[in-house]
Number of protein chains: 2
Amino acid sequence: MSLVLNGKAKQSRISDAVAQRVLAYVEEVGYKPNQLAKSLRTGKTHVIGLVVEDISNSFFATVAWLIEKQAFERGYRIIYCSTDNDPAKTKELISMFRERHVDGFIIVPSEGIEKEVSAILREQTPTVLFDRHLPDLSTNYVVVDGAQGTYAATQHLLEQGCRRVAFVTIDSTQTQMEERLRGYTQALQEHNLPAQVKRVVVTKETEKVVADIHDFIRDMPECDAIIFATNYLTIYGLEAIAQLQRRIPADLAVISYDDHDLFRLYTPAITAIAQPVESIAKNVIDILLEELQPSAEPAIGLSQQVLPTQLIIRQSSIRPA
Amino acid sequence: MSLVLNGKAKQSRISDAVAQRVLAYVEEVGYKPNQLAKSLRTGKTHVIGLVVEDISNSFFATVAWLIEKQAFERGYRIIYCSTDNDPAKTKELISMFRERHVDGFIIVPSEGIEKEVSAILREQTPTVLFDRHLPDLSTNYVVVDGAQGTYAATQHLLEQGCRRVAFVTIDSTQTQMEERLRGYTQALQEHNLPAQVKRVVVTKETEKVVADIHDFIRDMPECDAIIFATNYLTIYGLEAIAQLQRRIPADLAVISYDDHDLFRLYTPAITAIAQPVESIAKNVIDILLEELQPSAEPAIGLSQQVLPTQLIIRQSSIRPA
DNA sequence: CTGAAAGCGCTAACAA
DNA sequence: TTGTTAGCGCTTTCAG
């Protein structure tokens, strides 16, 4: 019976008559297999654990949604959780997923979780990191070429005639943030212009963050352009700029790393370094499902991908002539 | 051993010595119980299935996040899924959750899923609906008094001197949408003013939706105020209004049902009928966890709550004198 | 007070 | 080609 249900009738040389009979009975009784028992027996849950930084952030929400859709089509279910970038919470979530015997992991790693991730790797559980990676670990990952993105953005601002371009980022040594900073500094260096970097400490109290950015901009009257390293920093920044009554782009040009619905609708529309969400999702799930194939040789080779960004130029970075 | 681990040592009169020995051994080996086997045996998974319309919508994202946090603290895990308001997908998701033996359901019901929900109810699986409910079914639910919200909003617009207030909603007979419409019509009736209602068909092609609203506004030059029945309708509407170059609030006052980050930051800031997300989340999870208590009498009584909204007045609805 | 054993529903190996 | 059965890891009952 089990064979028939799992579509192994042919291969197990079970007669069509029996297969039919089983199927008919199953239909009649409305039999639903107990997934729990099945999983206990086979060790496979067909569930993938997705650990992102913040599911309410549109970037992660979109990627998660695309991943879920693709996985669903291929018979896998996704369970999400947000880490809020808190290592303790991340560890707890990973441990919870392990207890629930997920077949694979997709993780946006916060800092300091190398130990937990290498534990998963040691158990041979297929895993893909995305958005950032852990440089000390050999893992699959899909990231974006942030340096190229901020380099192009800085270049664009310089072409618009800006000479004092500032960079607002978060207080973090994660790979993706370092990269974004690197592209910016490099572009300025090539033009022999000074860099002006603010590392904001992001807390729950959004007013404090806004005030922090507010003070940074206020104390830098000569500044004529700002690049924000994440979309939520840009949103805080726009609030600060409004408070200071600086006009965009006349007084201050603005570019955001990572796009957002709001940026298209804001007045003026905000130029953004867009990440290729579809490609990210597709690559992540492809790598994972490939490793989930029983046929695949384990550790046959890591897949480490770096995807390009795209600069979407809107009004906020176009200086009047 | 099982007794000790589950904290039933005392009650089963197991000697402290043995309990200690077991605990020490467990610690030493790093034993982790297999949740799958446990669930198979007990029939309890400690997982709650959360079926929302669209997890990337900030309203649902926030409520989901609050529910998850509360549930986590009390030992329950949440698995989410989005229905996109598609009955077929909703049925599939409910059936998937049933297969996974979730202990309880939290559902934002789309239309036409009465049969599935009553099947869950018949199985005595604790369930709470929110945001809207199914009038034909006796279930627990937590909804918002949308009629009161739109009534107050319309009233406010009339006080501002508006005389031709239009209402843009979606093509749906769901309870919450009907309520929102009702509050609007009632307020206008009391002032003997004509109602002007547009029911938009929401599709994947956002341009079409925007164009639809665009045409509605264009063909109604005497209109001096609009209430949008959802936050995403407002976002489409703002785009349409920008295309038409109508000034807010001078030419057209705007109010959105359901608040959004964007509305605070938009120029001008958009007046919104805010829903009490914290209360919704708290009430939903409290009702569900109460029913999940084995002590609770089943069907002892339904909990049906209607929470108030709050009108947050911003610039978009203040007419110049 | 403690250890042994049945059985949750399923799959896969093994007899028949 | 088919029916039978062991056992996945746990809880809980029932002898010891």
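Order of the sequence lines sets the chain letters (A, B, ...), proteins ahead of strands, with each chain counted from 1.
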Would you tabulate the nitrogen or oxygen pairs shorter than 3.5 Å linking the protein to nucleotides 4-7 of chain C?
{"residue": "C:dG7", "atom": "N2", "partner": "B:R41", "partner atom": "NH1", "Å": "3.1"}

Let me see the working for B:T139 and B:L134 under side chain to side chain contact (heavy atoms under 4.5 Å, CB included), right down to the final yes or no. CA-CA 8 Å; B:T139 65; B:L134 300 169; 5.9 Å; no
Using side chain to side chain contact (heavy atoms under 4.5 Å, CB included), reason through B:R98 and B:E123 one step at a time and then give a plain yes or no. CA-CA 10 Å; B:R98 288 218 279 169; B:E123 288 175 349; 2.6 Å; yes
I would like to know whether B:V47 and B:V102 meet side chain to side chain contact (heavy atoms under 4.5 Å, CB included); could you show each step before the answer? CA-CA 5 Å; B:V47 171; B:V102 296; 4.0 Å; yes
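Rounded to whole Å, the distance from NE2 on A:H101 to C1' on D:dC10 is 11 Å. Between A:L36 atom CG and D:dC10 atom P there is a gap of 14 Å when expressed in whole angstrom units. As a whole-Å value, the separation of B:K44 NZ from C:dC8 P is 16 Å. Rounded to whole Å, atom C1' of D:dC10 lies 14 Å from atom CG of A:N34. Separating the CD atom of A:E99 from the P atom of D:dC10 is a distance of 11 Å, rounded to the nearest angstrom. Atom-to-atom, NE2 of B:H46 to P of D:dC10 comes out at 16 Å; the value is rounded to the nearest Å.
The side chain of B:L40 lies closest to C:dG9 when the candidates are D:dT11, C:dC10, C:dG9. In the set C:dT11, D:dT11, D:dC10, C:dT11 carries the atom at the smallest distance from any side-chain atom of A:T42.
Considering B:L93, B:I55, B:V63, B:I106 as possible partners of B:L50, the one that fulfils the side-chain contact (heavy atoms from CB on, under 4.5 Å) test is B:I106.
Contact check, B:K38 against D:dT11: a side-chain N or O comes under 4.0 Å of OP1 or OP2.
Residues B:R77 and A:E99 are not paired through a salt bridge, judged by the lack of any N-O separation under 4.0 Å between the basic side chain and the carboxylate.
Nucleic acid contact class of A:K32 (heavy atoms, under 4.0 Å, all strands): sugar-phosphate only.
Under the 3.5 Å distance criterion, with hydrogens and angles disregarded, a donor-acceptor pair is assigned to the side chains of B:S110 and B:T90. Side chains of B:D103 and B:T45: a donor on one and an acceptor on the other come within 3.5 Å.
Classified by interplanar angle (parallel below 30°, tilted 30° to 60°, perpendicular above 60°), the ring pair B:F97/B:F105 is tilted.
Where the helix from C:dC1-D:dG16 to C:dA16-D:dT1 starts and where it ends, the local axes point in directions that differ by 60°; five pairs per end, rounded to 10°.
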